[in-house]
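Have a look at the structure below before the remarks.
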Amino acid sequence: MRVLTGNAEVASTDRGLHYGDGLFETLRCQQGELPLIDAHLRRLSRGIERLAIVAVDLASIRSELSLYARHHRDADWIKLILTRGSGTRGYAPPQTTVPNLVLSHGNLPAAPERISVTISDVPLPTQPLLAGIKHLNRLPQVLARQAAADACYEAMMCDADGHIVCGIMSNVFARIDNQLVTPDTSQCGVDGVMREWVCECASVNVRTLTQDDLQRASELLLTNAVRGIVVVDDFEGRPMPAPSDATRDLITRAPVIYRSVA
């Protein structure tokens with residue numbers, strides 16, 4: 001495995017560039033610590049297995065991440081990109097490759113005063129073999145973000161049947177009849193690490209979530225590994241009620257916090 005940081009260059013023959021043949025994870029960094037690193041590495045491992053990327057040592061990736069985080073203590077996030085490495089022309093992967101691990105970092109913008117959310121017209125394609133993992137093919141999300149208004153914090157993305165799957169950069173939870181509901185991601189979408197944390201710490205019903213469900217929800221929550229749990233203030237022009245005590249408690253206990261609730 002080749003580790004690339006700073007101004008190091010990726011070869012023009014890299015399969016991540018040609019085919020999106022790789023994975024990524026974006027981790028929250030807090031004073032050089034990576035609070036959700038175990039969950040990220042578990043998901044990365046699932047992706048490595050799914051794509052059959054060989055010659056990757058997760059212990060080495062953990063070590064590289066930890067070292068990079070300590071060297072960039074002022075960063076809010078660290079991103080890793082793992083590609084299969086270089087290959088010749090053609091979709092079939094070479095029998096032998098040297099994977100590339102690319103590390104970068106940055107800081108979060110200030111949290112907006114209001115979190116405004118809409119529904120995107122860009123559908124998510126269904127592909128169970130890629131569902132759940134963070135593969136490099138993100139063009140539906142790119143199109144959805146291009147189409148969303150600048151003032152919109154997030155847009156909900158639906159499957160081909162019009163059911164809510166996730167946001168462009170987040171998972172979604174709706175509180176309906178005092179029950180937290182989140183969509184199933186077995187056919188498309190990402191198994192977010194903060195989604196996993198919420199499902200472990202609260203009673204959550206994983207089921208189909210319709211657009212009508214969102215319209216009658218008393219709360220909408222967005223989860224993201226870098227931003228934690230974010231409460232939606234405005235959905236499709238409808239002001240949302242103040243967060244419940246249960247939601248306030250979840251946010252207080254969350255391993256990462258981006259936007260506090262009063």
Side-chain angles (χ1 to χ4, degrees), residues 1-10 14 16 22-48 53 55-83 85 98-113 115 133-136 138 141 145 153-154 167-171 190-201 221-231 247-262:
M1 183 177 67
R2 183 184 297 108
V3 181
L4 305 173
T5 62
N7 294 321
E9 295 182 356
V10 175
D14 189 273
L23 306 157
F24 76 100
E25 296 284 337
T26 310
L27 300 82
R28 181 62 181 268
C29 183
Q30 296 179 158
Q31 297 299 308
E33 298 295 328
L34 303 170
L36 291 166
I37 187 172
D38 290 338
H40 282 285
L41 290 177
R42 285 196 298 270
R43 183 173 60 190
L44 183 65
S45 177
R46 294 195 296 271
I48 290 169
I53 298 177
V56 176
D57 179 11
L58 282 176
S60 295
I61 292 179
R62 175 188 287 272
S63 177
E64 293 290 348
L65 281 171
S66 298
L67 180 63
Y68 192 86
R70 289 196 296 271
H71 284 174
H72 300 281
R73 293 179 57 85
D74 294 335
D76 292 325
W77 55 263
I78 291 173
K79 182 173 183 177
L80 75 85
I81 297 174
L82 178 70
T83 75
V98 178
N100 284 322
L101 178 68
V102 183
L103 299 179
S104 60
H105 66 281
N107 294 105
L108 284 169
E113 292 185 6
I115 301 296
I133 64 175
K134 296 204 77 171
H135 55 83
L136 293 179
R138 299 286 117 185
Q141 287 82 355
R145 187 63 259 183
Y153 174 83
E154 178 65 298
I168 298 170
M169 61 176 179
S170 60
N171 290 109
V190 172
D191 292 338
V193 299
M194 274 303 301
R195 175 183 182 269
E196 176 185 332
W197 184 89
V198 172
C199 288
E200 290 175 351
C201 295
L221 312 177
L222 305 175
T223 59
N224 173 286
V226 174
R227 292 170 169 84
I229 303 169
V230 175
V231 178
T247 293
R248 294 174 188 274
D249 177 64
L250 266 181
I251 293 174
T252 300
R253 292 190 289 126
V256 298
I257 296 177
Y258 175 54
R259 183 174 181 264
S260 299
V261 289

To the nearest 0.5 Å, what is the distance between [atom1] on [X] and [atom2] on [Y]?
X    : Y    : atom1 : atom2 : result
R2   : D14  : CZ    : CG    : 9.0 Å
L36  : L27  : CG    : CG    : 7.5 Å
D191 : C199 : CG    : SG    : 9.5 Å
I61  : L101 : CD1   : CG    : 5.5 Å
L221 : L250 : CG    : CG    : 7.5 Å

>> So which atom in V56 and which in P99 form the shortest heavy-atom distance, rounded to 0.1 Å?
In response: CG2-CG, 3.7 Å

> Shortest non-hydrogen contact from R259 to P112?
Replying inline: NE-O, 3.1 Å

Would you mind checking if [Y] and [X] are paired as a salt bridge, meaning a charged N to carboxylate O distance below 4.0 Å?
X   : Y   : answer
R43 : E25 : yes
R42 : D38 : no
E33 : R73 : no

So [Y] and [X], do their side chains get closer than 4.5 Å, heavy atoms only?
X    : Y    : answer
S170 : M194 : no
S60  : M1   : yes
R138 : F24  : yes
V231 : I115 : no
K134 : L23  : no
Y68  : T5   : yes
V256 : R227 : no
L58  : I48  : yes

>> Can you confirm whether D74 is buried at CG, in the sense that more than 12 heavy atoms of other residues, nucleotides or ligands lie under 6.0 Å from that atom?
In response: no

